[in-house]
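One structure below.
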Amino acid sequence: QVQLVESGGGLVQPGGSLRLACAYSGSTFSIYLMAWYRQPPGNQRELVASITGLGRTNYADSVKGRFTISRDNAKNTVYLQMNNLKPTDTAVYYCHRVTGGYWGQGTQVTVSS
């Protein structure tokens with residue numbers, strides 16, 4: 001059974017940084033396209049970034065140059081490094097395995113002074 005467990009969220013001031021991690025278990029990790037999504041308060045879930053098994057990345061325009069997605073296939077973990085955070089980045093962040101539609105439980109990120 002596939003499980004995704006996010007960690008690393010919290011409260012941070014504008015301009016600060018956080019690194020989210022998603023621990024994956026249950027099947028082969030390295031072959032799957034993985035993604036981070038977020039859901040701001042009162043809004044729909046939106047794609048933040050994705051990464052293929054070979055490390056090819058894609059980003060939403062709103063986070064380009066500030067966020068970096070990466071993966072460690074040996075540790076079955078995908079990361080999201082978030083720098084220069086803005087209040088508009090406030091959301092619940094979810095880890096997602098695209099094939100099969102698996103989601104983590106989400107981790108709250110709040111950017112506020």
Side-chain angles (χ1 to χ4, degrees):
Q1 182 177 356
V2 173
Q3 287 191 317
L4 306 172
V5 179
E6 300 98 336
S7 61
L11 173 64
V12 63
Q13 292 186 343
S17 298
L18 283 175
R19 188 174 84 150
L20 306 183
C22 172
Y24 175 100
S25 62
S27 70
T28 304
F29 172 71
S30 62
I31 62 174
Y32 290 110
L33 174 67
M34 299 295 297
W36 285 97
Y37 279 71
R38 67 185 180 187
Q39 188 164 13
N43 286 282
Q44 293 185 339
R45 201 170 293 190
E46 60 187 20
L47 175 67
V48 176
S50 62
I51 185 167
T52 69
L54 295 179
R56 185 171 183 175
T57 59
N58 181 59
Y59 296 93
D61 287 343
S62 60
V63 306
K64 281 181 181 177
R66 300 188 299 122
F67 290 12
T68 302
I69 189 171
S70 63
R71 67 193 296 161
D72 186 335
N73 289 335
K75 294 183 178 180
N76 286 1
T77 302
V78 59
Y79 303 96
L80 185 68
Q81 177 66 45
M82 305 185 293
N83 297 330
N84 190 21
L85 282 159
K86 305 175 181 181
T88 51
D89 295 317
T90 295
V92 179
Y93 284 71
Y94 296 91
C95 182
H96 178 51
R97 194 189 92 175
V98 177
T99 303
Y102 294 95
W103 294 92
Q105 82 287 352
T107 186
Q108 176 70 46
V109 172
T110 302
V111 185
S112 176
S113 56

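- Sorted by first then second residue, the side chain to side chain donor-acceptor pair (under 3.5 Å) pairs that include residues 42-56, not counting sequence neighbours, are Arg38-Glu46.
- One finds a salt bridge joining Lys64 and Asp61 here, because a Lys/Arg side-chain nitrogen approaches an Asp/Glu carboxylate oxygen to under 4.0 Å.
- Take Tyr93 and apply the ring-ring contact (aromatic ring centres under 6.0 Å, His included) test, not counting sequence neighbours, and it matches no residue.
- Across Val98 and Ala35, no two heavy atoms sit closer than the pair CG2-CB, 4.5 Å.
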**Message:** With side chain to side chain contact (heavy atoms under 4.5 Å, CB included) as the criterion, how do Val48 and Met82 come out once you've worked through the C-alpha distance, each side chain's angles and the decisive distance to 0.1 Å?
**Reply:** CA-CA 11 Å; Val48 176; Met82 305 185 293; over 6 Å; no
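- Pairs engaging residues 63-88 under the ring pair (Phe, Tyr, Trp, His ring centres under 6.0 Å) rule: none recorded [sequence neighbours left out].
- In this structure Val12 satisfies the side chain to side chain contact (heavy atoms under 4.5 Å, CB included) test together with Leu18, Leu85, Val111, sequence neighbours excluded.
- Within the structure, every pair that satisfies the ring pair (Phe, Tyr, Trp, His ring centres under 6.0 Å) test and touches residues 9-31, not counting sequence neighbours, is listed here: Tyr24-Phe29.
- Residue pairs meeting the disulfide bond (SG atoms under 2.5 Å apart) criterion with at least one partner in residues 15-58, sequence neighbours excluded, are Cys22-Cys95.
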**Message:** Run the side chain to side chain contact (heavy atoms under 4.5 Å, CB included) test on Val78 and Ile69 for me, step by step, so that the C-alpha distance in whole Å, both residues' side-chain angles and the decisive distance to 0.1 Å come before the verdict.
**Reply:** CA-CA 7 Å; Val78 59; Ile69 189 171; 4.0 Å; yes
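- Screening residues 33-59 for ring pair (Phe, Tyr, Trp, His ring centres under 6.0 Å), with sequence neighbours left out, gives Tyr37-His96, Tyr37-Trp103.
- Interatomic distance, Ser30 OG to Asn76 CG, rounded to the nearest 0.5 Å: 8.0 Å.
- Note that CD of Glu6 and CD of Gln108 are 12.0 Å apart. Values are rounded to the nearest 0.5 Å.
- Each salt bridge (charged side-chain N to carboxylate O under 4.0 Å, His left out) pair with one or both residues in residues 90-113, not counting sequence neighbours, would appear here, but there are none.
- Between atom CG of residue Leu33 and atom CD1 of residue Ile51 there is a gap of 9.0 Å, rounded to the nearest 0.5 Å.
- Residues Ile31 and Tyr102 share a hydrophobic cluster, clusters being chains of Ile/Leu/Val/Met/Phe/Trp/Tyr side chains in contact below 4.5 Å.
- Among residues two or more places apart in sequence or in another chain, the side chain to side chain contact (heavy atoms under 4.5 Å, CB included) test is passed with Asn83 by Ser17, Gln81.
- How far CG of Leu80 is from CE of Met34: 12.0 Å, rounded to the nearest 0.5 Å.
- Of all non-hydrogen atoms in Asn73 and Arg71, the two that sit nearest each other are OD1-NE, 2.9 Å.
- Applying the side chain to side chain contact (heavy atoms under 4.5 Å, CB included) test to Ser113 and every residue at least two apart in sequence or in another chain returns Pro14.
- When every heavy atom of Leu20 is checked against every heavy atom of Val109, the shortest pair comes out as CD2-CG2, 4.1 Å.
- In this structure Arg19 satisfies the side-chain hydrogen bond (donor to acceptor under 3.5 Å, both in side chains) test with no other residue, sequence neighbours excluded.
- In this structure, the side chain to side chain contact (heavy atoms under 4.5 Å, CB included) partners of Leu11, at least two apart in sequence or on a different chain, are Thr110, Ser112.
- Heavy-atom minimum distance, Val2 versus Ser27: CG2-OG, 3.8 Å.
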